[in-house]
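Let me begin by presenting the structure, written as structure tokens, before commenting on it.
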Amino acid sequence: MKTIIINILLLSVVFTACKKTEGDKYNGFQSSNNLTIASGLNMGEQRVTLSPDSIYSDINSGPLFKALPAGFDNNIASFDLPKGYMVVFAENNDGSGESSCYVASKAPIRLNFSPRLRDKVSYIRYIPIDNPSKKGVAFTDSNVVKQFNTSWYYGWSINRPSFGPMNFIPMTWGKGTATVADVNYLVGRKDINHLLSFNEPDNSGQSNIASIDTAIARYRIMMQTGLRLGSPAVEQNNAFVAGKWLPMFMDSAKAKKLRIDYVCLHWYDWGNENSNTGGDTLVAEQVFTRFKAYVERARLTYPDQKLWLTEYNCNPSRNARPNLIKYFMQLSSEWLNTVPYVERYAYFQTRTGAVDANGNLNDLAKFWNSLPSPPVFPVNID
């Protein structure tokens, strides 16, 4: 009995010591429901709690921009981010330079900065974030959008509404909507947390931004929003090869230390639109094989990036074969759901391809609605 009592006492001492060590690790800090930054490692003093309704930077005179608390500009070593929020930390006061975006989708995030950002932060944006499904939709008619049961959509513009649980993703589309005034408009919206940049800047019939330097300068302006920000989405054949638009943009962004949180892609099976020999199932499988190879090539080209398929389609030339389209939708969606580096995808729905004469979803669009999809963030981004 005496031996048992001694062992229990020893275990109690060990447990107490471990518990004390864990407490000491974070200097007695207890998490709150708001972002806390600390000038010391492991949440050591000094500490301050920030509000999610502001951007902490002196770059902009907009009403929601304010300076970092006294003593913390270029003097932050650690932070504690509560679950359900995201935060952007950046070296420069416009959100550029060395920067990181953290998403606490599953659990709080408490970290010490690496030397890359330690005692270098001059910009902070901290906002709530949802965790929608991967599958979304791109459409411009609000009455039609509301009939889709996806949890997010975009419409090639910055000023459309969200619809309850369906979150709107704004897009600057062209350089004319990438201004400080647009930054302040987007910062003022409480229903957005992501931003798409330019739509086919390599295409003279779309946003048509021939100059990479111009695109970089306008992209840098939009970094002031502190939203998770995606690359421009180029035409299918300009996404990979050296000397094409997107590789040149990505190289320039990397050289200038501009954060790109995900690469946006378009795919329409261009070059194979006449490859329709065989039944619907066979052709759909052939199209899917090419689609899968395209996405995998994107991964090899941009191995450190998440991917968004903001427009993809098995080619409009096949619109007269709805069963083929359905099977391709199913094959592609099922596969994309399993690919961890693909964050989101949206099948390109033309009005005639998705809506009947009464403005209601047709059979194809209803089929897209029926396809399941997992959450965007299965784990934290940290």
Side-chain angles (χ1 to χ4, degrees), residues 86 88 95 101 103 125 127 129-130 132-140 142 145 148 150-163 166-179 182-183 185-189 191-203 206-209 212 214-236 238-239 245-246 249-250 253 258-268 295 298 302 305-313 336 341-349 376-377 381:
M86 59 165 272
V88 170
C101 178
V103 178
R125 178 81 196 274
I127 53 177
I129 193 164
D130 54 350
S133 60
K134 283 188 173 188
K135 184 186 74 174
V137 69
F139 219 83
T140 57
S142 293
V145 168
F148 283 98
T150 62
S151 53
W152 65 274
Y153 87 102
Y154 78 96
W156 297 275
S157 65
I158 66 169
N159 58 358
R160 298 182 184 278
S162 294
F163 299 107
M166 182 184 277
N167 189 240
F168 172 62
I169 308 288
M171 172 191 274
T172 55
W173 193 83
K175 61 186 179 182
T177 320
T179 67
D182 296 310
V183 166
Y185 164 73
L186 291 170
V187 168
R189 290 189 61 162
D191 61 329
I192 60 174
N193 42 53
H194 288 73
L195 178 62
L196 301 170
S197 55
F198 309 123
N199 188 73
E200 297 193 358
D202 53 321
N203 183 346
Q206 291 294 317
S207 65
N208 189 27
I209 310 175
I212 299 295
T214 297
I216 286 289
R218 295 304 180 97
Y219 184 94
R220 182 167 183 158
I221 290 172
M222 301 316 288
M223 294 186 77
Q224 292 182 36
T225 63
L227 301 169
R228 287 190 83 225
L229 184 54
S231 77
V234 299
E235 291 188 287
Q236 175 178 319
N238 290 330
W245 202 100
L246 186 59
F249 179 91
M250 296 293 287
L258 304 186
R259 190 189 73 260
I260 295 173
D261 294 301
Y262 43 95
V263 171
C264 298
L265 300 170
H266 289 177
W267 187 86
Y268 286 87
V295 176
Y302 309 110
Q305 296 285 352
K306 298 292 187 180
L307 303 180
W308 286 29
L309 278 298
T310 51
E311 290 181 25
Y312 83 99
N313 185 290
L336 292 170
Y341 57 82
V342 173
E343 271 194 357
R344 305 197 192 205
Y345 58 88
Y347 195 82
F348 181 73
Q349 307 272 358
V376 168
F377 303 117
I381 295 179

Which distance, rounded to the nearest 0.5 Å, do you find between the [atom1] of [X] and the [atom2] of [Y]?
{"X": "Ile129", "Y": "Ile192", "atom1": "CD1", "atom2": "CD1", "value": "12.0 Å"}
{"X": "Gln224", "Y": "Met222", "atom1": "CD", "atom2": "CE", "value": "8.5 Å"}
{"X": "Phe198", "Y": "Cys264", "atom1": "CZ", "atom2": "SG", "value": "12.0 Å"}
{"X": "Met223", "Y": "Leu195", "atom1": "CE", "atom2": "CG", "value": "11.0 Å"}
{"X": "Asn193", "Y": "Thr225", "atom1": "CG", "atom2": "OG1", "value": "11.0 Å"}
{"X": "Ile381", "Y": "Arg228", "atom1": "CD1", "atom2": "CZ", "value": "4.0 Å"}

Do [X] and [Y] have side chains that approach each other closer than 4.5 Å (heavy atoms only, starting at C-beta)?
{"X": "Cys101", "Y": "Arg259", "value": "yes"}
{"X": "Ile158", "Y": "Met171", "value": "no"}
{"X": "Ile169", "Y": "Asn167", "value": "yes"}
{"X": "Leu246", "Y": "Asn238", "value": "no"}
{"X": "Val263", "Y": "Met250", "value": "yes"}
{"X": "Arg160", "Y": "Val145", "value": "no"}
{"X": "Ile221", "Y": "Val183", "value": "yes"}
{"X": "Asp261", "Y": "Lys306", "value": "no"}

(message) Between Trp245 (side chain only) and Ile209 (backbone N and O only), is there a donor and an acceptor less than 3.5 Å apart?
(response) yes

(message) Any side-chain to backbone donor/acceptor pair from Thr150 onto Lys135? Under 3.5 Å, distance only.
(response) no

If every non-hydrogen atom of [X] is compared with every non-hydrogen atom of [Y], which pair is closest and at what distance?
{"X": "Ala138", "Y": "Thr310", "result": "CB-O, 4.4 Å"}
{"X": "Ser157", "Y": "Phe168", "result": "O-CZ, 3.2 Å"}
{"X": "Ser162", "Y": "Asp191", "result": "OG-OD2, 2.8 Å"}
{"X": "Thr140", "Y": "Gly155", "result": "CG2-O, 3.8 Å"}
{"X": "Ser207", "Y": "Pro201", "result": "OG-CA, 3.1 Å"}
{"X": "Ser197", "Y": "Pro232", "result": "OG-N, 3.0 Å"}

(request) Check the pair Phe348 / Tyr312 against ring-ring contact (aromatic ring centres under 6.0 Å, His included), numbers first and verdict last. (result) CA-CA 5 Å; Phe348 181 73; Tyr312 83 99; over 10 Å; no

(request) Please assess Glu311 against Trp156 for the test side-chain contact (heavy atoms from CB on, under 4.5 Å), listing each intermediate value before the final yes or no. (result) CA-CA 11 Å; Glu311 290 181 25; Trp156 297 275; 3.1 Å; yes

Going by distance alone, is a donor N or O of one side chain under 3.5 Å from an acceptor N or O of the other, for [X] and [Y]?
{"X": "Gln206", "Y": "Asn203", "value": "no"}
{"X": "Thr172", "Y": "Thr177", "value": "no"}
{"X": "Glu235", "Y": "His266", "value": "no"}

(request) Could you please spell out the steps behind the side-chain contact (heavy atoms from CB on, under 4.5 Å) verdict for Met166 and Phe148? (result) CA-CA 9 Å; Met166 182 184 277; Phe148 283 98; 4.1 Å; yes

(request) Could you label the plane-to-plane angle of the Tyr219 and Phe249 rings as parallel, tilted or perpendicular, counting under 30° as parallel and over 60° as perpendicular? (result) perpendicular

(request) Show your working on side-chain contact (heavy atoms from CB on, under 4.5 Å) between Thr214 and Lys175 and close with a plain yes or no. (result) CA-CA 8 Å; Thr214 297; Lys175 61 186 179 182; 4.0 Å; yes

(message) If you take the centroid of each ring, where Trp contributes its six-membered ring, are Trp308 and Trp267 closer together than 6.0 Å?
(response) no

(message) Between Phe163 and Tyr153, is the ring centroid distance below 6.0 Å?
(response) yes

(message) With side-chain contact (heavy atoms from CB on, under 4.5 Å) as the criterion, how do Val295 and Tyr341 come out once you've worked through the C-alpha distance, each side chain's angles and the decisive distance to 0.1 Å?
(response) CA-CA 10 Å; Val295 176; Tyr341 57 82; 4.1 Å; yes

